[in-house]
Amino acid sequence: MAFFVLAYAISWTLLLPLTILGEAGVPFALLFVVVSAFGPAVAAWIVTGVVEGRSGVRRWIGRLFRWRVHVGWYLVALLIPFLLVVAAYGLYLVAGGSPVEGWEAPSPILVLATVLVIALLFGGQEELGWRGFALPRLQARYNALVSSLILAVIWTLWHIPNFFLPGTTQSELPWLWYVLLGPAVTMLLTWIFNNTRGSLLPAMLFHGAVNAAPGLLPLDAEEGLISMRVAVLIAAWLMVGVAVALFGPEQMTSDEKWQQEGEIRHLTVGDPQ
């Protein structure tokens with residue numbers, strides 16, 4: 001509880017002046033928005049330091065450098081969001097939507113650079129708090145599916161000030177669509193986190209890719225039986241359904257060692273190998 005309160009307090013203290021005074025009324029407004037996204041990470045650092053001391057902080061930050069993960073999971077983290085957008089576009093066309101005119105595929109290097117920047121500065125750094133700190137502690141009490149749903153609510157509400165700030169991603173999205181998409185993204189992040197034994201790098205990359213992928217196609221397209229946004233929701237939740245069906249709702253991983261009693265749940269006090 002202390003972590004969530006502190007994460008909100010840090011981030012909202014930086015964002016609320018922007019919502020009250022208006023973005024133009026606060027010098028360095030963009031800097032405030034960027035720094036506010038570090039709220040969950042700073043909160044995790046403070047709470048971990050107070051409760052577990054320096055050794056706990058070293059274990060927590062160590063997940064950021066746990067890079068020896070099967071290359072397939074890095075590909076999953078980078079590609080799944082873009083594949084979901086492509087699948088959603090296919091659904092949109094099948095439902096009678098018109099093809100996007102004048103669209104050209106962006107440079108893969110540019111896309112990768114965008115994902116990396118977002119992963120480090122515009123969303124991915126949140127994972128130090130949400131997945132690096134909160135998720136293991138929730139999974140110590142609940143299964144992976146329930147933990148994801150709880151975290152999805154907290155994570156979505158944390159973004160509320162962004163809906164009132166012109167220029168932010170949330171300000172350009174319907175709030176209901178965002179609320180419905182949040183749990184799907186959270187469950188997929190849990191799936192990736194648990195299958196990489198608590199590594200934060202794939203989770204950060206996935207977060208960056210999730211933020212970058214929708215920019216490839218016009219989400220506001222509404223021709224046909226369903227809109228692009230509805231198609232994205234369908235594709236995302238179908239992916240969640242596949243992940244849960246194949247890996248199970250209890251721990252959402254196929255790693256037998258990781259499934260053993262204590263492996264996931266002891267993430268809060270140790271670092272399983």
Side-chain angles (χ1 to χ4, degrees), residues 1-12 14-15 33-49 51-52 56-57 59-66 73 77 80-81 115 118-162 168-170 178-179 181-212 236 240 243 251-253 264-265 267-268:
M1 179 63 73
F3 161 74
F4 294 122
V5 172
L6 195 55
Y8 271 68
I10 294 170
S11 299
W12 284 23
L14 293 167
L15 292 176
V33 174
V34 172
V35 173
S36 72
F38 285 88
V42 174
W45 172 58
I46 293 173
V47 175
T48 301
V51 176
E52 300 179 24
V57 171
R59 285 194 299 269
W60 166 68
I61 202 69
R63 288 183 206 130
L64 183 59
F65 300 100
R66 186 186 292 172
W73 285 104
I80 285 294
V115 169
I118 294 174
L120 292 173
L121 295 174
F122 295 97
Q125 74 275 29
E126 297 171 24
E127 297 308 320
L128 282 160
W130 302 132
R131 254 52 61 175
F133 182 92
L135 181 59
R137 284 157 177 80
L138 286 169
Q139 290 189 113
R141 301 183 63 182
Y142 311 102
N143 67 25
L145 188 61
V146 173
S147 297
S148 299
L149 291 173
I150 294 172
L151 192 54
V153 173
I154 297 170
W155 184 36
T156 301
L157 293 177
W158 176 80
H159 286 93
I160 285 177
N162 289 347
T168 63
T169 300
Q170 290 76 18
Y178 193 88
V179 167
L181 184 64
V185 173
T186 306
M187 290 184 205
L188 292 176
L189 277 163
T190 298
W191 172 59
I192 291 171
F193 181 82
N194 285 357
N195 278 282
T196 55
R197 298 193 177 186
S199 174
L200 286 175
L201 288 176
M204 293 175 68
L205 289 174
F206 182 81
H207 196 140
V210 164
N211 285 8
V240 169
Q251 295 182 347
M252 292 181 71
T253 177
I264 287 180
R265 303 187 190 287
L267 264 173
T268 57

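- For Trp73, the CH2 atom is densely surrounded, since the number of other residues' heavy atoms within 6.0 Å is greater than 12.
- In this pair, Phe3 and Phe133 present their aromatic rings tilted. The plane angle is within the 30 to 60° band.
- Proximity of Leu157 to Tyr8: side-chain heavy atoms (C-beta onward) are separated by under 4.5 Å at one or more points.
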Residue pair Gln139, Asn194: steps toward the side chain to side chain contact (heavy atoms under 4.5 Å, CB included) verdict: CA-CA 10 Å; Gln139 290 189 113; Asn194 285 357; 2.8 Å; yes
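- Side chain of Trp12 to main chain of Trp158: a donor-acceptor pair is present (N/O by atom type, distance under 3.5 Å, no hydrogens or angles).
- Taking OG of Ser11 as the start and CG of Leu6 as the end, the distance is 9.0 Å to the nearest 0.5 Å.
- Salt-bridge formation is detected for the pair Arg59/Glu52: a Lys NZ or Arg NE/NH1/NH2 atom is positioned less than 4.0 Å from an Asp or Glu carboxylate oxygen.
- Atoms CE and CH2, from Met252 and Trp191 in turn, are 8.0 Å apart once rounded to the nearest 0.5 Å.
- Distance alone, capped at 3.5 Å, is enough to place a donor-acceptor pair between the Trp60 side chain and the Leu128 backbone.
- Atoms CD1 and CG, from Ile80 and Leu205 in turn, are 13.5 Å apart once rounded to the nearest 0.5 Å.
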Full working for side chain to side chain contact (heavy atoms under 4.5 Å, CB included) between Thr169 and Asn162: CA-CA 8 Å; Thr169 300; Asn162 289 347; over 6 Å; no
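- Taking CG of Leu151 as the reference point, atom OG of Ser147 lies at 8.5 Å (rounded to 0.5 Å).
- Looking at Phe38 and Ile10, their side chains never come closer than 4.5 Å, going by heavy atoms from C-beta outward.
- Of all heavy-atom pairs spanning Ala152 and Pro183, the tightest one is CB-CA, 3.6 Å.
- Remark: Ile150 CD1 to Thr186 OG1 distance equals 11.5 Å, nearest 0.5 Å.
- Considering all non-hydrogen atoms of both residues, Leu15 and Ser36 come closest at CD2-OG, 3.4 Å.
- Here Leu145 pairs with Asn143, Met187, Val244, Pro249 under the side chain to side chain contact (heavy atoms under 4.5 Å, CB included) rule; sequence neighbours left out.
- In plain terms, the two heavy atoms of Pro202 and Ala77 that are nearest each other are O-CB, 3.2 Å.
- Of the possible donor and acceptor atoms, one in the side chain of Arg63 sits under 3.5 Å from a partner among the backbone N and O of Gly132.
- For Ala212, the side chain to side chain contact (heavy atoms under 4.5 Å, CB included) criterion is met by Phe82, Thr114, Val115, Ile118, not counting sequence neighbours.
- Between Val240 and Ala184, the closest heavy-atom pair is CG2-O, 3.5 Å.
- Contact between Ala236 and Leu181 at its shortest, heavy atoms only, is CB-CD1, 3.8 Å.
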Side chain to side chain contact (heavy atoms under 4.5 Å, CB included) between Arg141 and Val146, intermediate numbers included: CA-CA 10 Å; Arg141 301 183 63 182; Val146 173; over 6 Å; no
Stepwise side chain to side chain contact (heavy atoms under 4.5 Å, CB included) test for Trp155 and Leu189: CA-CA 12 Å; Trp155 184 36; Leu189 277 163; 4.1 Å; yes
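- Contact record, Ala2 with Val47: C-CG2, 4.3 Å, taken as the closest heavy-atom pair.
- When side chains are defined from C-beta on, Ile192 does not count as touching Arg131, because their heavy atoms never get closer than 4.5 Å.
- The main-chain N or O of Phe193 is found under 3.5 Å from a side-chain atom of Thr196 such that the two form a donor-acceptor pair.
- A distance of 6.0 Å separates OG in Ser148 from CG in Leu135, rounded to the nearest 0.5 Å.
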